[in-house]
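Each chain gets a letter, A, B and so on, in the order its sequence line appears, and its residues count up from 1. FYI, side chains are in, hydrogens and waters are out, and symmetry mates aren't considered; it's all heavy atoms of this structure.
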Amino acid sequence: MSLKEVQNLVIIENTPLNATNFLIRLVSIKPLPKFVPGQFVNVEINNSSEIFLRRPFSVFEINYSLNSISLIVKILGRGSKKLTEIKAGESVNLIFPLGKGFTFPIPNERILLIGGGSGVGPMLFLAKESGLNPDNVHLILGAKSFEDHINIDDYRQFGNFYFTTEDGSLGERGFVTQHSVFQNKLKTFDKIYACGPDAMMKAIAREAKKSNIFCEVSLENLMACGFGVCLCCIEPTVRGNLCVCTEGPVFNINDLKWQI
Amino acid sequence: MSLKEVQNLVIIENTPLNATNFLIRLVSIKPLPKFVPGQFVNVEINNSSEIFLRRPFSVFEINYSLNSISLIVKILGRGSKKLTEIKAGESVNLIFPLGKGFTFPIPNERILLIGGGSGVGPMLFLAKESGLNPDNVHLILGAKSFEDHINIDDYRQFGNFYFTTEDGSLGERGFVTQHSVFQNKLKTFDKIYACGPDAMMKAIAREAKKSNIFCEVSLENLMACGFGVCLCCIEPTVRGNLCVCTEGPVFNINDLKWQI
Amino acid sequence: MADLSVKIKDLDFKNPVMTASGTSGFAEELNDFYDVSKLGAVLLKGITLKNRDGNAYPRMAETASGMLNAVGLQNKGVDYFIQHIYPRIKDYDTHLIANVNGSTVEEYIEVTEKVNELERISAIELNISCPNVKEGGMLFGISCPGAEAVTREVRRVCTKTLIVKLSPNVTDITEIAKAVEGQGADSVSLVNTFLGMAIDAEKRIPLLSTITGGLSGPAIKPIALRMVWQAYHAVKIPIIGIGGIMNAADAIEFMLAGAAAVQVGTAIFKDPFIPLQIIDGIENYMKRHGLNSINDIVGKLAL
Amino acid sequence: MADLSVKIKDLDFKNPVMTASGTSGFAEELNDFYDVSKLGAVLLKGITLKNRDGNAYPRMAETASGMLNAVGLQNKGVDYFIQHIYPRIKDYDTHLIANVNGSTVEEYIEVTEKVNELERISAIELNISCPNVKEGGMLFGISCPGAEAVTREVRRVCTKTLIVKLSPNVTDITEIAKAVEGQGADSVSLVNTFLGMAIDAEKRIPLLSTITGGLSGPAIKPIALRMVWQAYHAVKIPIIGIGGIMNAADAIEFMLAGAAAVQVGTAIFKDPFIPLQIIDGIENYMKRHGLNSINDIVGKLAL
Ligand SMILES: Cc1cc2nc3c(=O)[nH]c(=O)nc-3n(C[C@H](O)[C@H](O)[C@H](O)COP(=O)(O)OP(=O)(O)OC[C@H]3O[C@@H](n4cnc5c(N)ncnc54)[C@H](O)[C@@H]3O)c2cc1C
Ligand SMILES: Cc1cc2nc3c(=O)[nH]c(=O)nc-3n(C[C@H](O)[C@H](O)[C@H](O)COP(=O)(O)OP(=O)(O)OC[C@H]3O[C@@H](n4cnc5c(N)ncnc54)[C@H](O)[C@@H]3O)c2cc1C
Ligand SMILES: Cc1cc2nc3c(=O)[nH]c(=O)nc-3n(C[C@H](O)[C@H](O)[C@H](O)COP(=O)(O)O)c2cc1C
Ligand SMILES: Cc1cc2nc3c(=O)[nH]c(=O)nc-3n(C[C@H](O)[C@H](O)[C@H](O)COP(=O)(O)O)c2cc1C
Ligand code: FES
Ligand code: FES
């Protein structure tokens, strides 16, 4: 049995979620393998002389009965832009499942999930799959402004949501680490999970470390292959330079050599 | 005033004409310059890492009131294939007008136009623009089989049409040079014009030379630029190596160094 | 049925399609996708005497039809390989070839001597062409005396088939090919990556931590093909062609130019199945052209 | 407003964007599209002492993000140029630079002496790097003694600014750059094309009549950029960067790496307006980054 697959999937939805992110939903003709939140797919973006390599995206949602995978894609450069322009009905080649996901919480733990930008995707996925009582699941989602936040109504049942915006247009004003929950209740959590921009994750890691709370973050290093053969995506860790694509993208902050 | 233009045109039609050729019609938002039959455009075919250079195509039809240019495109390789897949509504970048066209006949001359494959296009264009009494315009169009011929009903008014097919399914069986008009009446023509595969043009040139009849052919050498700066498209002539894109694509056979 | 087997020195390969060093890990990663025994050979990730952390991140940059890498031979050293990796991979039913590296001739020798002992390693590919290390590597591969010295010394101790991997960053590839042939190389593989560079114009910084890195992918194919063709006319030992091979047509072009076998590198990042597709494509080509053996292709460019 | 002017030796250029030799004819062809006086300079098609028919057809092949050419310096000779072409183009209000070629040092000298007399030719670009001719050309450019000899002799007679155009087909570009600087070159332009090859796998023939040809276009950019960066740290004379420049970002990358000016070649085949778009793009970049002069870009890569 092959552990990893290279497959053409058909895009069935490619719609803007907000000012900066798109939701892309793809279906496979075959049953999908199990995905752990934090795992990713590597997407071939064809039809351009400028895009040579694949682009990695975390899985946001899996529907095992429809065999569908959803991604939240933020337009950053040429590849992500092209991807958001592909029309429903066209097919795209994906490699999956890739990487190691988040460590699941154990029953009755209180967890804090923090997502920024497209990093919100894996946090929602984790909230849904955590298996915890929703009372124990808390999410802080951060963005620049209210129009950069995505609609999470379908996820309210899985946890308690808090928002921050830099302009104060939704939730509390400031960064996720300035949110009152983060500021005042951090120590009430057993585990913190984060996915988002580098600076955000470092700020979170700093506080988690101070308070000595278990904390996992998802990294977005540049990748050439995505499945462990090129050694381009490395991150310095206590176990040496590790490949983010196979040993990550999720790392415990205690393993990272971040200067925080 | 610029003599040559680089312009985005919008494809308004891209339809199969027969088993091997497509009709592509493009419109400009600006008035088009005058085109002489035999002149060509150089088409940028984007969205592929495999196609780096433009591809040249002869003009088949110009509608000066609609500002439209039509091309007949035969699928030969990656570029022509991609081009026939572009949907109406999308825009394509063209450089034009390029090259020198056919020498117009003088009033009352009898002319024979011979076209094969996508070479039929410039021949129909020339028949239409010749300015001669249709009785004096004769066209032999050749193809493998009847389904490789295009519908020329709109052009019947401009001349007398003869067909050949290799399998005898339309007109006379055999190559254009085996057609009875070519075999028996060649000497009744003042000028012969030809556009089509190399072998066809060489066969025609051989007979035209023997009979000492004026004969122009349109060449399809590989081009990098199409407007005279790269010197890649050369053809050996009595005046030395000449650029097909600026001194041709139409050449008088007496100027060519063909071993025929 | 077309016979795809090829022979290099005393080794019989099922087919002429190998995966290149540094682009196919230690074979295990590809085995997660398909049975690697279908491949002609797997060139293992470059190994050195001691642990190497490799270069700092970022290590790669995308370029037009290619990429730059600056991995810098990250690996845990030959002893770790022998103890922890070799036992896991030794039963793959394909040729496993060790890519041997060093900062000094002595290091190359030491690694070779250790690899000699590994029964299931079929051959050694001597990498004298890595552009991403400060010492050794490409420095040996860009001069005849350097290439000669390391080949001669390693040949003395090497008990296996010895392939020397050449750098394309030279004025005359034939000189280097002849130099290593003269010192007893059984085969040459070419090319390794071209020294290149990429810059972020907006940030005004290099895209690689090392400023320069190695260029691979289809961009380099025309130059690599030319070098294989030149080398084919300069040496008698078999040539393994490498550089931007993405499909069967590319592989066949290298073989027509003189390569007895090919290695697929960067293409694997696009799709790990490409090496298998190339094997099928070559078989199909042979059928279409009525060719019975790979020898009917190698060097058979009509001039 | 941003000042785009640059100075090379005693010549003032309106802007740092030139069109490369062999890709912009004799300026007339581009003038059919737009007023060439907007360009920093036009490098004219390579000229030789006598008429050259160039190589046989086919002379070009498309490759991944690039192309091979084997034109072989087709031109009608310097006398024809002086009598028939120069009079037509001499009034273009931009720098016209002659690309001078020869099979022997004497031929280079003779052509230079004739070009000396042409008032409106601002500079000579000594092409010691053409890979598409059997004699002379690249053979001079790939060894220090060769490059030195032709530069020294031409410098003796050349009364104009002397730019020497370098071949990238060398192990160490800095050696060659230093060699020609040492012999009095006022500037070096690099790179010319890389020797490459393309094959039609189905027909089993080379795609070029000459088998090998010169590779240009975005495929070579990373290597060209690296060479410009290396040369910048090796010589003091201004460098003109060439190789796969398709847009303003590419041009700026070359300038950050050390090029005082750039030449646009193959991109012209895609779109003859690209050089003008690059000029606009550089101006725009300077505004966005608050830069006043091109000197604020040249060599300003942050390491
Ligand atoms: C494991 C993993 C999971 C990811 N999940 C998601 C996701 O769910 N949603 C999402 O929108 N994005 C995700 N990303 C990031 C995504 O892969 C990049 O945004 C994308 O590859 C950018 O491609 P591009 O062609 O648009 O940008 P390019 O045109 O290649 O680059 C544009 C600019 O962005 C920089 N850049 C590109 N990629 C990265 C990166 N990974 N990190 C830092 N800088 C970069 C480049 O250096 C350049 O300056 C993930 C990345 C990884 C490694
Ligand atoms: C002045 C001129 C006018 C033309 N007019 C027309 C036209 O009206 N309609 C039309 O269908 N085609 C025309 N052509 C030919 C057309 O340009 C080519 O068919 C096209 O460029 C092929 O591109 P491709 O990417 O499909 O083929 P590629 O994938 O580039 O090549 C496929 C195969 O065809 C060969 N090939 C490609 N182009 C040519 C060529 N020009 N001559 C010989 N062999 C070639 C290649 O070597 C290769 O073996 C014209 C060419 C010229 C120079
Ligand atoms: C990420 C990466 C790592 C590489 N590591 C090695 C290596 O360890 N040893 C080696 O000999 N070549 C190494 N190479 C070079 C390849 O084996 C190959 O020679 C080169 O990439 C050209 O082939 P390609 O264009 O098919 O990739 C590496 C190449 C890449 C892209
Ligand atoms: C078709 C063609 C013809 C060329 N002719 C010449 C020439 O006559 N003299 C010369 O110095 N360089 C010549 N060159 C090289 C270019 O000037 C330039 O150095 C090279 O193409 C790299 O730049 P690019 O990638 O922007 O094209 C030629 C290049 C091409 C593609
Ligand atoms: S991206 Fe290749 S090893 Fe991680
Ligand atoms: S195609 Fe460039 S000169 Fe004709």
Where on D:Ile205 is there a heavy atom nearer than 4.5 Å to chain C: the side chain, the backbone, both, or neither?
both
Structural part of D:Ala257 lying under 4.5 Å from a heavy atom of chain C:
both
Relative to chain C, which segment of D:Ala302 carries a heavy atom at a distance below 4.5 Å: side chain, backbone, both, or neither?
both
Is chain C contacted by the side chain of D:Leu301, its backbone, both, or neither, given a heavy-atom distance below 4.5 Å?
both
Proximal component of D:Ile142, with respect to chain C [non-hydrogen, under 4.5 Å]:
both
Best-contacting candidate, C:Gly66, C:Ala249, C:Pro206, against chain D by heavy atom pairs under 4.5 angstrom:
C:Pro206
When rounded to the nearest 0.5 Å, the distance separating CE of C:Met197 from CG of D:Leu256 is 9.0 Å
Mind listing the closest non-hydrogen atom pair of C:Ile252 and D:Ala201 along with its distance?
CG2-CB, 4.0 Å
Straight-line distance of C:Ile223 CD1 to D:Thr212 OG1, nearest 0.5 Å
12.0 Å
Rounded to the nearest 0.5 Å, what separates atom CD1 in C:Ile220 from atom CG in D:Leu215?
11.0 Å
Which one, D:Ser65, D:Ala61, D:Ala248, leads in non-hydrogen pairs under 4.5 Å with chain C?
D:Ser65
Whatever's closer than 4.5 Å to a heavy atom in chain C on D:Phe254 counts as neither
For chain C, which candidate among D:Lys221, D:Arg204, D:Arg288, D:Met255 shows the most heavy-atom pairs at distances under 4.5 Å?
D:Arg204
Kindly compute the distance separating CZ (C:Arg226) from CG (D:Asn169), expressed to the nearest 0.5 Å.
5.5 Å
Do C:Trp229 and D:Ile211 make a side-chain contact, defined as non-hydrogen atoms from C-beta onward lying under 4.5 Å apart?
yes
Highest number of heavy-atom pairs under 4.5 Å with chain D: which of C:Leu195, C:Leu68, C:Asp250?
C:Leu195
Max heavy-atom pair count under 4.5 Å with chain C, selected residue of D:Met246, D:Lys300, D:Glu202, D:Gln230
D:Glu202
Nearest atoms (heavy-atom pairs only) where C:Ala198 meets D:Leu225
CA-CD2, 4.1 Å
